[in-house]
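Okay, structure first, notes after.
One-based numbering, in listed order, for ligands and for the atoms of each.
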Amino acid sequence: MTSKLRLGVNIDHVATIRNARGGLHPDPVRAARLAAAAGADGITAHLREDRRHISDEDIDRLMDAITLPLNLEMAATHEMLEIALRHRPHAACIVPERREERTTEGGLDVVRGAADLRPLVGRLTEAGIRVSLFIEPDPAQLDAAKAVGAPVVELHTGAYCDASGGLERERQLGRVVSAARHAASIGLECHAGHGLSYDTVTAIAAIPTIVELNIGHFLVGEAIFIGLEAAIHRMRGLMEQARATVVA
Ligand code: PXP
């Protein structure tokens, strides 16, 4: 049987708009509540080291206000580890923030960073937080994620979404499909995200071993035109349609 595909709604860019004027509106916590009412399975928020969108106070308020699981995206730093351990969100997704932490395409370089990541993954896991590593769809990165003890990987779909020509998009999709298969074969739970839109979600949602998508920028942008709830409904509908076509 094909597993259910969860949707995590990333609310960072609601905070980006709020911060443009330095006030309180629009409130990312309100967006999280709306996302929950519209059928999101989780809320994702990235507390960046430079606090360019989500703030520490947003994380406090999200932890108090929402009943959906919170997926805290964070850099692999001591400061972020302490914040995660204080809040104990459902999940923590480790993402690169500095150039030297990235692979050439943008995911976390787990191969080079294994020595630093292993203890971080261990501390978070001991605290009961489900850890995922945001990586390129590259078998070497998947094997390294497994080796450092992460139970989950999130495959970076940016190269697939950004590919302009059909052939290049097919090639990038092929990398995601093989990586998702490889993840399952080595016992990693597989998520995906970055850059997904109505146009690009279907092929990713149809990959049976991917169990969660995290989507933000497109949904918040689309909300300007049709509202957040309607945008989430439509995205969910496309995900479910794609999933229904999958033969397990
Ligand atoms: N997953 C991860 C790990 C991310 O860092 C982000 C934000 O860049 C997303 C998913 C959502 O990406 P987007 O906002 O492009 O939908």
Side-chain angles (χ1 to χ4, degrees), residues 5-17 28 31-32 35 40-54 58-59 69-77 80 84 89-99 101-103 105-110 117 121 124 129-138 141-142 145 150 152-163 172 176 179-180 183 188-205 210-224 228 231-232 234-236 238-239:
L5 182 60
R6 299 188 299 264
L7 172 62
V9 173
N10 182 315
I11 53 167
D12 292 349
H13 295 302
V14 178
T16 302
I17 299 169
D41 299 293
I43 299 299
T44 294
H46 184 178
L47 184 65
R48 292 189 63 99
E49 289 178 89
D50 62 9
R51 307 303 197 268
R52 75 172 65 146
H53 36 58
I54 293 292
D58 291 330
I59 299 296
L70 179 69
N71 174 30
L72 176 68
E73 290 179 0
M74 53 177 263
T77 64
M80 290 298 151
H90 166 77
C93 180
I94 314 299
V95 299
E97 284 191 27
R98 283 185 293 272
R99 182 178 281 275
E101 293 171 339
R102 292 167 197 239
T103 64
E105 283 152 294
L108 194 63
D109 194 343
V110 188
L117 287 166
V121 171
L124 291 165
I129 301 167
R130 194 149 171 84
V131 184
S132 71
L133 302 180
F134 186 44
I135 58 171
E136 288 303 316
D138 167 353
Q141 295 295 339
L142 286 153
V152 184
V153 287
E154 178 161 329
L155 301 178
H156 196 310
T157 49
Y160 156 71
C161 293
D162 292 344
Q172 293 297 344
V176 180
L188 288 170
E189 181 175 313
C190 191
H191 302 176
H194 197 90
L196 293 170
S197 65
Y198 296 152
D199 288 340
T200 50
V201 77
T202 298
I204 300 296
I210 292 181
V211 298
E212 179 175 307
L213 301 182
N214 285 297
I215 309 180
H217 183 265
F218 181 83
L219 288 173
V220 173
E222 190 65 2
I224 294 168
L228 186 59
I232 291 171
R234 171 127 192 247
M235 188 62 82
R236 243 239 121 89
L238 291 169
M239 286 165 58

Distance (rounded to the nearest 0.5 Å) between [X] [atom1] and [Y] [atom2]:
X    : Y    : atom1 : atom2 : answer
D199 : L238 : CG    : CG    : 9.0 Å
E105 : I135 : CD    : CD1   : 12.0 Å
H194 : I204 : NE2   : CD1   : 13.0 Å

- Query: Short list, please: which atoms of ligand 1 are under 4.0 Å from a heavy atom of V95?
  - Reply: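 This gives 3 (C) as the contact atoms.
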- Query: Going by the order shown, which atoms of ligand 1 are within less than 4.0 Å of some heavy atom of I215?
  - Reply: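 Going through ligand 1 atom by atom, the ones under 4.0 Å from I215 are 16 (O).
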- Touching ligand 1 at all, H194? Heavy atoms, strictly under 4.0 Å?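 Yes, that is the case, since the closest heavy atom of the residue is under 4.0 Å from the ligand.
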- Task: Could you verify whether a donor N or O on one side chain and an acceptor N or O on the other, from N10 and T44, lie under 3.5 Å apart?
- Result: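 There is no such pair (donor and acceptor under 3.5 Å, judged by atom type) between the side chains of N10 and T44.
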- Query: So F134 and H156, would you call those rings parallel, tilted or perpendicular, with 30° and 60° as cut-offs?
  - Reply: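 Rings of F134 and H156: parallel, as their planes differ by under 30°.
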- Message: Among all protein heavy atoms in this structure, tell me which lies nearest to atom 11 (C) of ligand 1, with the distance rounded to 0.1 Å.
- Response: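 Answer for atom 11 (C) of ligand 1: N214 O, 3.7 Å.
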- Identify, for atom 7 (C) of ligand 1, the protein heavy atom at the shortest distance, and state residue, atom and that distance.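 The closest one turns out to be N10 ND2, 3.8 Å.
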Quick one: does [X] get an N or O within less than 3.5 Å of an N or O on ligand 1?
X    : value
E154 : yes
H217 : yes
G195 : yes
G216 : yes

- Task: Quickly, which of R6, E73, H191, E154 forms a side chain to side chain donor-acceptor pair (under 3.5 Å) with N214? Name it, please.
- Result: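 Passing option: E154.
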- Of the choices H156, E73, E97, R48, which has the non-hydrogen atom that lies closest to atom 4 (C) of ligand 1?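 It is E73 that holds the nearest heavy atom.
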- Test applied, side-chain contact (heavy atoms from CB on, under 4.5 Å); reference residue, H46; option that passes from H53, M74, R52: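 Going through H53, M74, R52 one by one, the side-chain contact (heavy atoms from CB on, under 4.5 Å) with H46 is satisfied by H53 alone.
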